[in-house]
Q: 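Supplied in structure tokens, the structure appears directly below.
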Amino acid sequence: MMLKWLLMVPIVFMVNQLHLDFSTGIPAVNVSNILFGLCVAGLLVLKPRHQTAIGRSPLTVPLLLLFGALTLSCVIGMLRQPGDAIEDITYLKNLLFYPLLYFVYRRCGQDEKSTRQLIILVAVVAAVAGLEAVREGLDYGFGNFNETRRASGPFGTDFRDSNRAGVFYAMFMPLFVALALFLRGQKLWRLGAVVGIGLLAIAIMATYSRQSYLIALVCVALLLIRRNVILATLIGILMVPAVGLLPDSVTQRVAETQQQDAVGDEQLDDSTASRFEIWAGAFEMWQDHPLGVGLNRFKRNIGTYVPRYAGYDAHSIYMLTLAETGPLGLGALLLVLASLLWFGASMVRKVPSQDTEGKALTLGFTLMVVAVGLGNAYGSPFYEGPVMGNFWILCGLLEHYVALRQRAAAGVNATAAVISPVHAIGQRFPLASRALPGRYGPAPSAVDEAPPAQALDAPARNE
């Protein structure tokens with residue numbers, strides 16, 4: 001029980017770091033690192049009993065390759081463009097840290113009930129984060145769109161973090177939709193899922209993050225198609241007139257993607273156009289430095305290629321990785337994403353078809369991976385703890401949970417396999433069960449042993 005409560009703390013903390021974080025007084029060590037160390041110590045000291053034989057994770061090698069590419073890039077950056085070594089090492093540590101949560105929670109050692117409670121807590125924390133953005137959106141109002149009046153929830157203090165918040169909400173939307181679509185006979189879970197869908201939908205609108213609109217729509221559409229193609233088509237048709245019911249500021253934000261210049265020609269808005277210019281500069285940066293410019297060196301060098309955007313982020317984890325770590329780092333990152341997608345799909349296959357709870361959770365997670373891939377195409381939150389910390393935690397919990405369900409199903413099947421052949425003999429040969437009662441079937445009762453009344457009376461009538 002103590003270990004379960006200890007494992008709950010990082011789940012709540014990761015998303016709410018802005019509200020709960022404080023200085024530890026230890027160089028390069030933050031609160032997340034301390035909580036991680038406490039969880040590891042708890043697993044070692046308390047020695048949980050419910051470990052499952054899940055073996056080596058399919059994510060181990062891809063993550064190690066990514067860690068190696070990032071470390072090499074850090075060394076290249078320190079040699080090519082020396083700076084504050086402590087800052088560089090701290091930056092590298094932060095990139096490597098959050099995926100390690102996956103390895104802790106896949107070995108959490110909790111039983112099925114406690115693991116389910118931890119998964120529920122991850123979903124509840126996401127819904128509460130959405131509620132915070134909903135409150136901000138209502139405070140701002142949904143009138144005309146204003147760039148500075150965008151909700152960021154617990155992920156920032158102003159509009160600059162709204163895209164990051166939108167990606168998080170879009171990531172967790174498929175989990176709630178999958179629970180609402182695929183669960184059977186669990187009305188409380190499904191009701192909670194519907195509430196979560198409503199909160200995250202409004203939160204996404206309040207962030208005015210266009211990429212999050214797209215991510216949520218794509219993931220929900222894929223889940224609807226998986227559930228029922230006819231249902232997906234019907235909902236798609238109904239959504240066309242429903243667009244008019246959206247707040248004006250939301251439709252205005254989407255419409256601003258393309259604007260007309262002074263002569264009436266269509267052109268992209270400044271926010272969208274700037275990304276293509278920065279990406280072009282990132283590609284040139286890689287061409288000049290085939291092995292990468294070095295970790296945490298993009299902002300220092302992008303001004304050389306695109307002077308008007310000096311000091312800017314790449315706004316795409318893929319272009320950022322290519323520019324800083326070269327093809328090696330980009331290949332490792334893509335391998336991690338592909339492995340996550342395969343990992344989620346394999347969990348879906350492992351869950352028995354009648355296990356609707358496991359099926360809903362694993363399907364939701366698989367679409368979360370799709371959301372992560374899409375969310376990092378137009379931004380770069382892949383290594384940020386508030387956005388990705390609970391994703392890695394959920395990844396580990398689901399692997400442990402599916403392993404527990406498989407072991408329970410295997411135990412039931414093994415029991416059936418031992419009992420059924422013996423009972424089958426008794427069922428196929430009734431005389432065998434009567435000759436050896438209790439071995440090939442249940443022992444006959446007194447009523448069973450007594451001859452039928454009609455059989456006793458018949459000879460007397462014949463005589």
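Atom set for the values below is all heavy atoms of this structure, side chains included, hydrogens, waters and symmetry mates excluded.
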Q: Cation-pi between Arg275 and Tyr378: NZ/CZ under 6.0 Å from ring centre and within 45° of the ring axis?
A: yes
Q: Relative to the ring of His315, is the ring of Tyr312 parallel (under 30°), tilted (30 to 60°) or perpendicular (over 60°)?
A: perpendicular
Q: Do you see a donor-acceptor pair shorter than 3.5 Å between the side chains of Tyr102 and Ser57?
A: yes
Q: Can Asp355 and Lys350 be said to form a salt bridge (charged side-chain N to carboxylate O under 4.0 Å, His left out), step by step?
A: CA-CA 10 Å; Asp355 183 4; Lys350 289 177 182 178; over 6 Å; no
Q: Do His289 and Glu284 have a side chain donor and acceptor closer than 3.5 Å?
A: no
Q: Would you mind reporting whether Trp392 and Met388 have side-chain heavy atoms less than 4.5 Å apart?
A: yes
Q: Distance-only, no hydrogens or angles: does the Tyr105 side chain make a donor-acceptor pair with backbone N or O of Leu7 under 3.5 Å?
A: yes
Q: Indicate yes or no: does Arg184 engage Glu357 in a salt bridge with an N to O separation below 4.0 Å.
A: no
Q: Quick one: do Glu136 and Arg150 make a salt bridge, cutoff under 4.0 Å?
A: no
Q: Go through the steps to decide whether Ser114 and Asp111 satisfy the test side-chain hydrogen bond (donor to acceptor under 3.5 Å, both in side chains), and finish with yes or no.
A: CA-CA 5 Å; Ser114 296; Asp111 59 14; 3.0 Å; yes
Q: Out of curiosity, Ile317 CD1 to Leu330 CG, how far, rounded to the nearest 0.5 Å?
A: 10.0 Å
Q: Could you please spell out the steps behind the salt bridge (charged side-chain N to carboxylate O under 4.0 Å, His left out) verdict for Glu112 and Arg405?
A: CA-CA 8 Å; Glu112 187 174 317; Arg405 302 287 282 221; 2.8 Å; yes
Q: Would you call Arg160 and Asp158 a salt bridge, using N to O less than 4.0 angstrom?
A: yes
Q: Run the numbers on Arg308 and Glu277 for salt bridge (charged side-chain N to carboxylate O under 4.0 Å, His left out), then give the verdict.
A: CA-CA 10 Å; Arg308 62 182 297 196; Glu277 295 182 45; 3.6 Å; yes
Q: Does any part of the side chain of Thr148, heavy atoms only, come nearer than 4.5 Å to the side chain of Tyr140, both counted from C-beta?
A: no
Q: Tell me whether the rings of Phe365 and Phe343 are parallel (<30°), tilted (30 to 60°) or perpendicular (>60°).
A: perpendicular
